[in-house]
Amino acid sequence: MESMDAAKVLKRYFGYDAFRDQQEEVINHITSGHDTLVVMPTGGGKSVCYQIPAMMLEGMAIVVSPLIALMKDQVDALVTNGINAVALNSSLTPDEQRIVTQKILRGEIKLLYIAPERLMGDEGRLIELLSTLKISLIAIDEAHCVSMWGHDFRPEYLKLAKIREKLTRVPIIALTASADAQTRADILDKLNMPKAHISISSFNRANINYYIEQKRDAYTAIINYIVQHQGQSGIIYTLSRANAEMLAERLTADGFEAAYYHAGMDAASRNTVQEAFKKDKTNIIVATIAFGMGIDKPDVRYVIHYNLPKNIESYYQETGRAGRDGLPSDAILFYSYGDLMQLRRFAEVEGNPERTRIMLDKLMRMNAFCVSNICRRTMLLDYFGEKYPESNCGSCDVCLSRKTSFEATTIAQKALSAIVRTEERFGIHYLVDFLRGSRSEKIWKGHKQYKTYGIGADISRDKWMQYFQELIDQQYVKRIAEGSYPRLLITEKGKRVLQGTEQVYFTLSEERLMVENSNQIEYDSHLFDLLRSLRTRIAYRESLPPYMIMGDSTLQEMAAYLPVQIEDLKDISGFGEVKIGKYGPQFIEVIRQHVKDHALMTKMSSKRKSKSPPKPRTKTRPGINTSEQETLEIFQTGKSIGEIAAIRELSPNTIEGHLTECLAEGLISVEKFISPDKMQRIIQVRQENPDAKLTILKEALGDAYSYFEIRVTLTAMKRKEKESS
Ligand code: ADP
Ligand code: ZN
């Protein structure tokens, strides 16, 4: 084993062809015996950094990890790749613990996962025992837990400082996704590794698309989005528990598989929801920020913020739960002024003005992030002290909107004179109220006498907020935060506007485009469905989450290149040796059948030659695919949608999608799904609102009509129109 180089281990056990940016460098440091601190964003691939050295070096690696749930997932994932890993924790029975200990003593284990209190506790007995064995390395995951500056301080981590004394000359690798310098310094200090090599990766999450929208009818916007993303996993964050419950219930009533999650639920219910999400049984989780810590689900395709997060750190962390597998994913935030006001009240920390000021300042930076017209990615990275090199990221709402600018000198003059009249002593909100002539008690009586008071009443509050941000971004105005609250000052540039010697232009963005995920390989989506349901069947049989059997990108590669021989799988990313042996034949069988049914040819030679993907069409032929065919056949035996979903181990939403396709192809009649009078009513409402979106129709029709009923009716109408034209 020791003679195997890192790249070979990566290929053999994980099935990956190449290392990601910093991985190889980190692995080299560890295997040559140096302490290393790895700072990498979520999804960056930290685990591989210690798992590969653990396989290359002699002896057993100790992996310290704070959460039992995550430990179990990591161990399960390693075992499915044929690696001898175990976890030692309180969830094992005494008998199981004895068995594990014996395996360790016999030298059969390559990676031991353990919680810090367990490792260092028991009056040092365990660590003494381990120090008599050959230990290859010590990995300390979530290392920021050692720092009081970090967001997740855990006192038991402090005990790890002693490890150095007990296990001399064993390299330590500390890993964290926490970006700030203070925490990093603290980790080196507390873990007693002053000379450690530090490796910091970029915090840019290139596969996440960032969108911020004004919160108007957010529910409608959410529905329109998830209808386009059926069968995919997503998280919707809300501010309050009540909101999470309400939203989840509303989505469920509208026919989507959603569940809520918050800290007010008992542990068992929380666990049930979490497991259902991991196993793809519930697609959508509506949750407070309590959700996420114990979840490493790599194929979360979207994270929606229904409310404004309280600071940029939280926003980055929560959106970061999307797309850990590297496939394109969306982060969508609905911005509202009302949320900002509510969070301002929450930010008051009683009896602690210093802390209150920090919290408010963080909130205001979050707000500025939302209302500004600067690339989201640039601003996010800037917050973490990193410079984004491109001027247009091509994957955030700002960069994707077609911007037009308009002459706004008069508007700017109004805003600037409001600042002058109130003697540069107020912040944006006061100024907006002043400009709009608010009757609020907060506006000083004296101020209400001024001519400037109310001169901006014709412009909405949202617009004014945006305009002030423009003034700040373009440096006509400067925001300072000394004293108890932030206020605005006029710059030299701003004075020129007031004097009438400089013109101002604001940008007006409109016509947002969606990201075209061009970096994604094109694949046969029908085959992808088939492979996906095979994966689900295997996962249920083995009681593992489907993503642990293999990732979506592995399925996509198979659906793009059509491997038909077992050996072909060696060239598919994500298939290590053990997985090829264990699951390969089943996948090959499905692909062969599909290739035969549709008279296709394998494209493996193009994969081997170029490493660049071929361009198969996503839709290979008109008509329905084999997966839809399978659904249709079961449907014709008289089974309900719910029953078909259970039989096929797919979600009811997916089955509904299949049946809608069958309907569009004229293979089933619409009467199977809806009564004639209901249909008539839908058609009537449709004719009254010819261009309305699905959600508008739903609103007009009321709760007695489901989205599915509306969809099938519209599909049937379309088919009729096509036939008669
Ligand atoms: P982190 O702990 O940094 O959040 P993980 O270690 O869980 O990230 O890795 C995220 C995902 O990326 C996992 O699905 C992992 O298998 C995958 N991955 C890691 N390294 C590579 C690589 N070199 N090539 C392809 N996929 C990788
Ligand atoms: Zn951008």
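As the structure lists them, so they are numbered: ligands from 1, and atoms in each ligand from 1. The residues of the chain are indexed from 1 along the displayed sequence.
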Nearest neighbour in protein (non-hydrogen) for atom 8 (O) of ligand 1: G45 N, 3.2 Å
Ion pair present between E567 and K570, side-chain N to carboxylate O less than 4.0 angstrom? no
Are R20 and ligand 1 in contact, using a heavy-atom cut-off of under 4.0 Å? yes
Provide the number and element of each atom of ligand 1 under 4.0 Å from a heavy atom of F19. 23 (N)
Inspect the surroundings of NZ in K582 and state if more than 12 heavy atoms from other residues, nucleotides or ligands are less than 6.0 Å away. yes
Are M55 and R12 close enough that some pair of their side-chain heavy atoms sits under 4.5 Å apart? no
Could you identify the single nearest non-hydrogen protein atom to atom 20 (N) of ligand 1 and state the distance to 0.1 Å? Q23 NE2, 3.0 Å
Heavy atoms only, cut-off 4.0 Å: how does A177 contact ligand 1, side chain, backbone, both, or neither? neither
In terms of residue, atom name and distance, what is the protein heavy atom nearest to atom 11 (C) of ligand 1? R324 O, 3.6 Å
Has T42 got any heavy atom lying under 4.0 angstrom from an atom of ligand 1? yes
Please classify the P41 to ligand 1 contact at 4.0 Å (heavy-atom distances, strictly less than): side chain, backbone, both or neither. backbone
Verify, without hydrogens or angle tests, whether R321 (side chain) and V300 (backbone) share a donor-acceptor contact under 3.5 angstrom. no
Might you check, step by step, whether the distance between atom 13 (C) of ligand 1 and some protein heavy atom is under 4.0 Å? no
Salt-bridge contact D299-R301 (side-chain N to carboxylate O under 4.0 Å): no
Between SG of C375 and SG of C399, what angle is found at the Zn ion (ligand 2), rounded to 10 degrees? 100°
Tell me, which protein residue and heavy-atom name are nearest atom 6 (O) of ligand 1, and how many Å apart are they? S47 OG, 2.7 Å
Using the ring of Y306 (Phe, Tyr or Trp, six-membered ring only), decide whether K215 places NZ or CZ under 6.0 Å from its centre and within 45 degrees of its axis. yes
Any cation-pi pair here, K579 with F587, using under 6.0 Å and within 45°? no
Side chains of R537 and I549: closer than 4.5 Å at any heavy-atom pair? no
Looking at ligand 1, would G43 count as a contact under a 4.0 Å heavy-atom criterion? yes
Should we say atom CD of Q214 is surrounded by more than 12 heavy atoms from elsewhere, each under 6.0 Å from it? yes
Note the single closest protein heavy atom to atom 23 (N) of ligand 1, along with its residue, its atom name and the distance in Å. A18 O, 2.8 Å
Who's the nearest protein heavy-atom neighbour of atom 24 (N) of ligand 1, and how far? Y16 CG, 3.5 Å
